[in-house]
K.L.:
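This structure is in structure tokens; I'll ask about it shortly.
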Amino acid sequence: MPRSDPPFGAADEDESPPQAPGRTLPPRLFYEAVEQSSMAISITDDRARILYANPAFTRVTGYPAGEVIGRNESILSDQHTPALVYETLWGRLRQLQPWSGRLVNRRRDGSRYLAELNIAPVLDAGGRLTHYLGMHRDITEMHRLEHQVRNQKALIESVVDAEPVAIALLDTGGRVVLDNQEYKKLAGDLRGREPARLLLEGIHGPGGAGDLAAIRGEGGFSDREVRVDPGGGRGARWFSCSGTWITEQDAAADAFFAPRRVDYLLLMAKEVTSLRRREEEMRVNALRALTAESERVEGMRETLEAAAYRMQEPVNLIQAAVQLLQRRREGGPDEALMRVLNDALDSGRRALGTLEACIPERREGPAAPVNLNAVLREVLGLFTRRLLAAGVVVEWDPAPVLPPVLGHEEPLRGLFKQLLDNALDALESGGDRRELHIRTRARDDAVQVEIRDTGPGIPEALRLRVFEPFFSTKGRSGDGAGMGLPMVQEVVNRHAGLIAIDPAPPPGCCVRLQFPVQPPAAG
């Protein structure tokens, strides 16, 4: 391949003596470095006529050095480069400033390539322009690959965004790295609360989204259903969640020779709310029928228990009379009176036993995880007609994700129904302000429930007595036998919970309940 003469009167490197430190390098060395460079280099005069082109220039453009010497650099220009680019280029050079950018160039055979170009003006000792130094390389393939990656990324994002599934990619710190439009929409519906955090807490419990590295060893999961209660008058939502761990190599510079693994969790949440709401409606309708039957049975049980309780009093009195006669007898008891009393005592005991045998038994299966949000919403569904008829405003403020309580669903449902019954009775007794506030929260290893009404409230002196059997604040005109709150206390005790009637600014009554998330340790 022919070469042009060395510029600037370069001398042969062999003719120069070895260079001591601090002395200039021989011009021949610069010439050989340019000749052997993989970058296409050309030198032009101040009118852009080519004076020198290195072998890399020939490899990139197809023009031999002998063919381009004396010709203008414009032989490489192509009409696909906008005129504005050339105007910008020459504007910079006229200001004696270097220019860097990309041009579409044309090779000797007419084919086009994308050039990444750097042009710098060369000035003499007086600061006058003498030459231009041009360096460029063919970046066509790199540009194609960049656009291919960009296009594939855009295509994947379009497909992911079109999916009717909320998708998010999380790092091991629980931070969302990437998400799709459905996920963004869900975040908006949840009013800024991070959907991934709520869903992962529903799957792994409180704190399950804070450090995903801690649960990395558990592997992925599939079709794990999570219930989210947004509150604010909006209904519950259900999501079927799946998670897959993805591993990639760390792209940091210090990981080039020592590859490191970076883990991400791909979280996918498919909403199944419509299906669950249909099931919930069917369940509530079935519960209405079941509740009506349970109320009849519970009413019978309450009546019989009250009757047995009341009957126990005369039986105890007769027994006390018999014992008194036995202690006071002198010279022989009154046998006739003793026989009558003993017969009455035996008869009373048999009647009491028969009555107690008629009390329906409470049959419960094994304890199971119970979502109190779900139970409360079902109970509220049972009261919909009554709430509307009484003009009661309900504020339902559930915890978005509530850990389950290990217990029995039917007694817990009866407990909340009794408390809402009492609250509605209080609200219907009078007053212009009729509001019912229900709130659930997760606290450490417990679930807290607060039911507050704006009724007349319970006097402080009676806040403990209301849990006594047959005591009622309604007086003789009230319905029932006064066994409602004692039943509530019994259910709370069976679930190792706590119940209290907190002081509240009048008017109003606030009942607070707390249930452990885990069962109490066997002792």
K.L.:
Salt bridge (charged side-chain N to carboxylate O under 4.0 Å, His left out): which pairs involve residues 86-99, sequence neighbours left out?
P.N.:
none
K.L.:
Let me have the donor-acceptor pairs involving side chains of residues 76-85, under 3.5 Å, with sequence neighbours excluded, atom names and distances please.
P.N.:
from, atom 1, to, atom 2, distance (Å)
Ser77, OG, Ser74, O, 3.3
Asp78, OD1, Arg106, NH1, 3.2
Asp78, OD1, Arg112, NE, 2.9
Asp78, OD2, His80, N, 2.9
Asp78, OD2, His80, ND1, 2.6
Asp78, OD2, Arg112, NE, 3.1
His80, ND1, Arg112, NE, 3.1
Thr81, OG1, Val104, N, 2.9
Thr81, OG1, Val104, O, 3.1

K.L.:
For the CG atom of Leu402 and the CG atom of Asn373, what is their distance to the nearest 0.5 Å?
P.N.:
4.5 Å
K.L.:
Quick one: do Asp453 and Arg434 make a salt bridge, cutoff under 4.0 Å?
P.N.:
no
K.L.:
Does the distance from a Lys or Arg side-chain N to an Asp or Glu carboxylate O, for Glu67 and Arg108, drop under 4.0 Å?
P.N.:
yes
K.L.:
Do Tyr31 and Gln36 have side-chain atoms, one donor and one acceptor, less than 3.5 Å apart?
P.N.:
no
K.L.:
Is Asp179 salt-bridged to Lys184, going by a charged N under 4.0 Å from an acidic O?
P.N.:
yes
K.L.:
Taking the side chain as everything from C-beta on, heavy atoms only, tell me whether Arg224 gets closer than 4.5 Å to Phe239.
P.N.:
no
K.L.:
Side-chain contact test, heavy atoms from C-beta onward, threshold under 4.5 Å: evaluate it for His131 versus Thr44 and give yes or no.
P.N.:
no
K.L.:
Roughly how far apart are Trp99 CH2 and Leu89 CG, rounded to 0.5 Å?
P.N.:
5.0 Å
K.L.:
Can you name the nearest heavy-atom pair linking Ala236 to Thr273, along with the distance?
P.N.:
O-CG2, 3.7 Å
K.L.:
Which word best sums up how the rings of Phe515 and Phe416 line up, parallel for under 30°, tilted for 30 to 60°, or perpendicular for over 60°?
P.N.:
perpendicular
K.L.:
Using a strict 4.0 Å threshold on nitrogen-to-oxygen distance, state whether Lys270 and Asp223 make a salt bridge.
P.N.:
no
K.L.:
Extract all donor-acceptor atom pairs below 3.5 Å that involve side chains of residues 158-165 and protein atoms in other chains or at least two apart in sequence.
P.N.:
from, atom 1, to, atom 2, distance (Å)
Ser158, OG, Ala154, O, 2.8
Asp161, OD1, Gln181, N, 3.0

K.L.:
Regarding Arg433 and Glu435, does a basic nitrogen lie under 4.0 Å from an acidic carboxylate oxygen?
P.N.:
yes
K.L.:
Inspect the contact between Asp189 and Arg237 and indicate whether a charged nitrogen and a carboxylate oxygen are less than 4.0 angstrom apart.
P.N.:
yes
K.L.:
With rounding to the nearest 0.5 angstrom, report the CG to CG distance, Leu436 to Leu420.
P.N.:
6.0 Å
K.L.:
Holding to side-chain hydrogen bond (donor to acceptor under 3.5 Å, both in side chains), I want the full list of residues that pass it with Thr247, two or more places apart in sequence or in another chain.
P.N.:
Asp263
K.L.:
Identify, with sequence neighbours excluded, every residue that meets side-chain contact (heavy atoms from CB on, under 4.5 Å) alongside Val272.
P.N.:
Glu225, Trp238, Ser240, Arg276
K.L.:
With heavy-atom distances below 4.5 Å as the criterion, would you say the side chains of Asn105 and Thr61 are in contact?
P.N.:
no
K.L.:
Are the side chains of Val491 and Leu412 in contact, using a 4.5 Å heavy-atom criterion?
P.N.:
yes
K.L.:
Show the nearest heavy-atom pair for residues Val492 and Leu498, with the distance to one decimal.
P.N.:
CG1-N, 3.5 Å
K.L.:
Do any pairs count as a salt bridge (charged side-chain N to carboxylate O under 4.0 Å, His left out) and have a residue in residues 119-128, sequence neighbours left out, and if so which ones?
P.N.:
Asp124-Arg128
K.L.:
Side-chain contact, heavy-atom cut-off 4.5 Å: Tyr132 with Val122?
P.N.:
no
K.L.:
Nearest heavy-atom pair of Arg193 and Pro400: which atoms, and what distance?
P.N.:
NH1-CG, 2.8 Å
